[in-house]
Amino acid sequence: MKKKGLGFYLKIYFKILAQDLKSKMSYRADFIISTIGMLFTNIAGFVSFWILFRSFPSVNGWNYYEMLFLYGFSLVSLTPVQCFFDNNWSLRMYVYSGDFVKYCFRPINLFFYYQSEVFDIKGLGQFAFGIGTIIYSWVKLGIGFTPVMLLKLIIFLITASMIMIALQNAAAATCFWIQNSFYVLDLVTRFKDYAKYPITIFSPVFRFIFTFVMPIAFIAYYPSIVILRPDEIPLLSWLSPLIGIVFFFGSYKFWMYGALKYSGTGS
């Protein structure tokens with residue numbers, strides 16, 4: 001069989017995306033309400049920072065605009081997992097019902113086929129809010145802007161997003177072995193709320209956990225240090241792109257291993 005290239009998968013993806021968007025637009029009220037809800041969620045996060053820093057001008061050496069930069073960075077880096085991998089939340093239901101078997105007989109990559117079926121367009125609002133927050137805090141911090149800085153920002157945002165994608169892929173794939181896998185996925189997702197805080201504000205135990213066990217520190221803290229504090233960049237920040245790629249590839253292999261072992265409900 002001839003190996004399918006990137007052009008083939010892009011063509012297939014945009015066809016699937018068009019159908020998914022048409023389906024969502026048929027329920028406009030639901031789309032509008034959920035989009036407004038997400039907007040207010042992000043605004044609430046912004047307001048919470050403002051309220052906190054009215055009483056505390058800094059947190060462990062991090063001022064308001066640095067924390068705001070981390071918040072915006074985390075929003076943008078978390079957008080891909082929401083937009084492109086939201087179908088992970090439905091994986092356990094497909095597996096338990098036996099409907100997942102339909103994905104196993106198509107002549108394209110199983111992981112790609114399953115994930116491409118759903119695109120959460122509401123995540124684009126989060127992306128726009130995050131970009132706006134980054135720009136606002138960038139200006140307030142007086143960080144110089146150069147093409148090299150922009151390139152660094154893009155690279156580290158992309159690789160940071162791979163961490164959360166990897167965590168969600170791995171958590172979702174536990175449904176191939178664990179019946180109550182929802183709690184694993186929910187737990188991993190809840191940890192992302194800590195990504196918007198600098199790891200230095202936590203105790204040594206949690207620093208270790210958030211770096212080497214549940215590596216959410218690589219979603220915003222370590223990558224953003226490259227922009228925020230270029231004179232004190234730790235080695236782990238420079239390793240963030242490599243770590244993101246390795247984690248994503250590992251989660252993909254784990255997801256595929258479970259999917260290829262899947263044999264239906266047996267009924």
>> Can you confirm whether Lys253 is buried at NZ, in the sense that more than 12 heavy atoms of other residues, nucleotides or ligands lie under 6.0 Å from that atom?
In response: no
Hey, can you pull the donor-acceptor pairs under 3.5 Å for the side chains in residues 225-238, sequence neighbours left out?
| from | atom 1 | to | atom 2 | distance (Å) |
| --- | --- | --- | --- | --- |
| Arg229 | NE | Glu66 | OE2 | 3.2 |
| Arg229 | NH2 | Gly61 | O | 3.0 |
| Arg229 | NH2 | Glu66 | OE1 | 3.0 |
| Arg229 | NH2 | Glu66 | OE2 | 3.3 |
| Ser237 | OG | Tyr222 | O | 2.7 |

> Can you say whether the rings of Tyr114 and Trp255 are parallel (under 30°), tilted (30 to 60°) or perpendicular (over 60°)?
Replying inline: tilted
Give every donor-acceptor pair under 3.5 Å between a side-chain atom in residues 140-149 and any protein atom, sequence neighbours left out.
| from | atom 1 | to | atom 2 | distance (Å) |
| --- | --- | --- | --- | --- |
| Thr146 | OG1 | Met149 | N | 3.1 |

> Does some side-chain heavy atom of Trp138 sit less than 4.5 Å from a side-chain heavy atom of Tyr65?
Replying inline: no
Using atom types as modelled, flag every donor-acceptor pair under 3.5 Å from a side chain in residues 171-179 to any protein atom, sequence neighbours excluded.
| from | atom 1 | to | atom 2 | distance (Å) |
| --- | --- | --- | --- | --- |
| Thr174 | OG1 | Ala171 | O | 2.6 |

> With sequence neighbours left out, which residue pairs that include part of residues 164-185 fulfil the salt bridge (charged side-chain N to carboxylate O under 4.0 Å, His left out) condition?
Replying inline: none
> Taking all atoms of both residues into account, what is the closest heavy-atom pair of Phe218 and Ala160, and its distance?
Replying inline: O-CB, 3.4 Å
>> Holding to ring pair (Phe, Tyr, Trp, His ring centres under 6.0 Å), I want the full list of residues that pass it with Phe247, two or more places apart in sequence or in another chain.
In response: none
> Take atom OH in Tyr197; do more than 12 heavy atoms of anything else shown fall under 6.0 Å from it?
Replying inline: no
> Just by distance, do the side chain of Tyr221 and the backbone of Lys196 share a donor-acceptor pair under 3.5 Å?
Replying inline: no
>> Just so I know, are the side chains of Met164 and Ile216 near enough to count as touching, which here means a heavy-atom distance under 4.5 Å?
In response: no
>> Just to verify, what does Asp193 make a salt bridge (Lys or Arg N to Asp or Glu O under 4.0 Å) with, not counting sequence neighbours?
In response: none
> With Phe156, which residues qualify under ring pair (Phe, Tyr, Trp, His ring centres under 6.0 Å), at least two apart?
Replying inline: none
>> If you apply the rule side-chain hydrogen bond (donor to acceptor under 3.5 Å, both in side chains), what do you find for Asn88 with Gln168, and how did you get there?
In response: CA-CA 7 Å; Asn88 270 327; Gln168 192 188 81; 3.1 Å; yes
> Cluster partners of Trp89, using ILVMFWY side-chain heavy atoms under 4.5 angstrom, listed by chain and number?
Replying inline: Phe182, Tyr183, Leu185
> ring pair (Phe, Tyr, Trp, His ring centres under 6.0 Å) with Phe127: which residues, sequence neighbours excluded?
Replying inline: none
> What is the minimum heavy-atom distance between Phe111 and Asn109, and which atoms define it?
Replying inline: N-OD1, 3.0 Å
Could you list the donor-acceptor pairs under 3.5 angstrom formed by side chains in residues 206-213, with sequence neighbours left out?
| from | atom 1 | to | atom 2 | distance (Å) |
| --- | --- | --- | --- | --- |
| Arg207 | NE | Phe202 | O | 2.9 |
| Arg207 | NH2 | Thr200 | O | 3.0 |
| Arg207 | NH2 | Phe202 | O | 3.4 |
| Thr211 | OG1 | Arg207 | O | 2.7 |

> Is there a side-chain contact between Ser116 and Asn87, using heavy atoms and a 4.5 Å cut-off?
Replying inline: no
Pairs under 3.5 angstrom only: tabulate donor-acceptor contacts from the side chains of residues 70-86 to other protein residues two or more places apart or in another chain.
| from | atom 1 | to | atom 2 | distance (Å) |
| --- | --- | --- | --- | --- |
| Tyr71 | OH | Asn42 | O | 3.2 |
| Ser74 | OG | Leu70 | O | 3.4 |
| Ser74 | OG | Tyr71 | O | 2.7 |
| Ser77 | OG | Phe73 | O | 3.0 |
| Ser77 | OG | Ser74 | O | 3.1 |
| Ser77 | OG | Ile219 | O | 3.1 |
| Thr79 | OG1 | Leu75 | O | 2.8 |
| Thr79 | OG1 | Gln126 | NE2 | 3.4 |
| Gln82 | NE2 | Asp120 | OD2 | 3.3 |

> Would Asp99 and Met93 satisfy side chain to side chain contact (heavy atoms under 4.5 Å, CB included), going step by step from the backbone distance to the final call?
Replying inline: CA-CA 8 Å; Asp99 291 335; Met93 292 180 282; over 6 Å; no
>> Test of understanding: with side chain to side chain donor-acceptor pair (under 3.5 Å), list the residues that count as partners of Tyr257, not counting sequence neighbours.
In response: none
